[in-house]
**Student:** 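The following block contains the structure, expressed as structure tokens.
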Amino acid sequence: EPEVTQTPSHQVTQMGQEVILRCVPISNHLYFYWYRQILGQKVEFLVSFYNNEISEKSEIFDDQFSVERPDGSNFTLKIRSTKLEDSAMYFCASTSQGERTEAFFGQGTRLTVV
Amino acid sequence: AQSVTQLDSHVSVSEGTPVLLRCNYSSSYSPSLFWYVQHPNKGLQLLLKYTSAATLVKGINGFEAEFKKSETSFHLTKPSAHMSDAAEYFCVVGLGQGNLIFGKGTKLSVKP
């Protein structure tokens, strides 16, 4: 069964450092997303990406964040200068269509900023 | 504004007894609704979805949910709990462009 894969599963970084979280969406999907879940809190939408550009982003997704699809398979989330409050589980997801279709999620990357 | 409320943060049932996880939503138009499950150290897995077809939706692992517009509810049920059902369950409202609004989650515990 096709699945979304994320690497690494756990990343520890020092405050102020840049991190890149990587995702390989399902191959025939066209819409890609990042979500995050701070420990003990809700899963929150960060950004959606379609046709090589951001289609929607939340207030959380500020200038410190960026996304990229550098090739035909990877989808990355970059945090330019990490803060302690960026510590969270980050989930990548993809869908075949944007509207009314379920998102397929990866297993997540746990980011710990120290 | 769209929102989703899961009424119970923790539900505990005995194996073999029914499961009811409650969810209410707020949406200004006919929403897409989903239930996802998250097992420890695993990703989010889709259990079932409602997208304006049948109001009673059947999902995987014996779960089902009924969309009740008059009550703005989408409760998740299962007739008989299994130990493997112990996990966290999220009720989700789908907006356009893949923006999903998650509930806070309900942790389901199943006692032998």
Side-chain angles (χ1 to χ4, degrees), chain A residues 1-7 9-10 23-26 29-51 53-61 67 75 88-110, chain B residues 1-10 23 25-27 29-54 57-60 63 65 67 74 76 87-107:
Chain A
E1 186 177 319
E3 59 179 15
V4 176
T5 56
Q6 291 185 242
T7 54
S9 57
H10 192 186
C23 170
V24 179
I26 293 173
H29 283 188
L30 301 175
Y31 296 79
F32 315 113
Y33 315 95
W34 284 100
Y35 288 80
R36 80 170 185 191
Q37 185 182 28
I38 295 172
L39 188 64
Q41 298 186 24
K42 281 188 182 187
V43 176
E44 301 170 292
F45 170 75
L46 291 179
V47 66
S48 59
F49 190 87
Y50 171 71
N51 200 26
E53 60 184 25
I54 291 172
S55 48
E56 190 166 345
K57 61 183 180 179
S58 71
E59 292 177 353
I60 303 166
F61 194 87
V67 289
F75 179 52
M89 181 73 91
Y90 288 80
F91 292 104
C92 174
S94 68
T95 64
S96 56
Q97 301 172 51
E99 293 276 346
R100 296 184 174 273
T101 56
E102 67 270 29
F104 290 81
F105 285 83
Q107 291 187 320
T109 293
R110 179 166 298 285
Chain B
Q2 329 297 333
S3 67
V4 58
T5 303
Q6 290 184 246
L7 297 153
D8 307 294
S9 58
H10 191 189
C23 172
Y25 69 90
S26 169
S27 177
Y29 55 87
S30 183
S32 298
L33 294 161
F34 308 86
W35 275 98
Y36 280 86
V37 61
Q38 185 179 28
H39 290 274
N41 301 315
K42 302 275 186 176
L44 293 155
Q45 181 185 20
L46 179 73
L47 274 180
L48 49 81
K49 65 177 180 180
Y50 166 78
T51 55
S52 76
V57 182
K58 293 189 186 296
I60 62 172
F63 284 95
F67 173 71
F74 191 57
L76 182 71
E88 184 125 26
Y89 292 80
F90 295 93
C91 182
V92 181
V93 173
L95 310 180
Q97 302 296 327
N99 188 345
L100 301 175
I101 307 296
F102 279 73
K104 287 189 175 182
T106 298
K107 184 176 180 180

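Just so it is clear, the model here is predicted, and its values are computed rather than measured. Chain letters run A, B, ... following the sequence lines, proteins first and then strands; every chain starts at 1.
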**Student:** With sequence neighbours excluded, what pairs up with B:Lys58 under the side-chain hydrogen bond (donor to acceptor under 3.5 Å, both in side chains) test?
**Tutor:**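 Counting only residues at least two positions away or on another chain, B:Lys58 forms a side-chain hydrogen bond (donor to acceptor under 3.5 Å, both in side chains) with B:Glu64.
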**Student:** What is the distance from atom CD of A:Glu102 to atom CG of B:Leu44, rounded to the nearest 0.5 Å?
**Tutor:**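 With rounding to 0.5 Å, CD (A:Glu102) is 13.5 Å from CG (B:Leu44).
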**Student:** List the residues meeting side-chain contact (heavy atoms from CB on, under 4.5 Å) with A:Glu3, not counting sequence neighbours, and say none if there are none.
**Tutor:**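 For A:Glu3 the side-chain contact (heavy atoms from CB on, under 4.5 Å) partners, ignoring immediate neighbours, are A:Thr5.
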**Student:** Which atoms of B:Gln38 are under 4.5 Å from chain A, going by heavy atoms: the side chain, the backbone, both sets, or neither?
**Tutor:**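 For B:Gln38, side-chain heavy atoms alone lie under 4.5 Å from chain A.
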**Student:** Please report the interatomic distance CZ(B:Phe102) to CZ(A:Phe91), rounded to the nearest 0.5 Å.
**Tutor:**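 That separation rounds to 8.0 Å.
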**Student:** Quick one: what part of B:Val4 sits under 4.5 Å from any heavy atom of chain A, side chain, backbone, both or neither?
**Tutor:**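 Interface part for B:Val4: backbone (N, CA, C, O).
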**Student:** I'd like to know whether CD1 of B:Ile60 has more than 12 heavy-atom contacts from other residues, nucleotides or ligands below 6.0 angstrom.
**Tutor:**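 For B:Ile60, atom CD1 is crowded (more than 12 foreign heavy atoms under 6.0 Å).
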**Student:** So, A:Tyr35 side chain and B:Leu100 main chain: donor-acceptor pair closer than 3.5 Å or not?
**Tutor:**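 Flag set: sc A:Tyr35 to bb B:Leu100 pair under 3.5 Å.
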**Student:** Based on non-hydrogen pairs under 4.5 Å, which of A:Met89, A:Gln37, A:Lys42 is most in contact with chain B?
**Tutor:**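 Looking at each option in turn, the highest pair count goes to A:Lys42.
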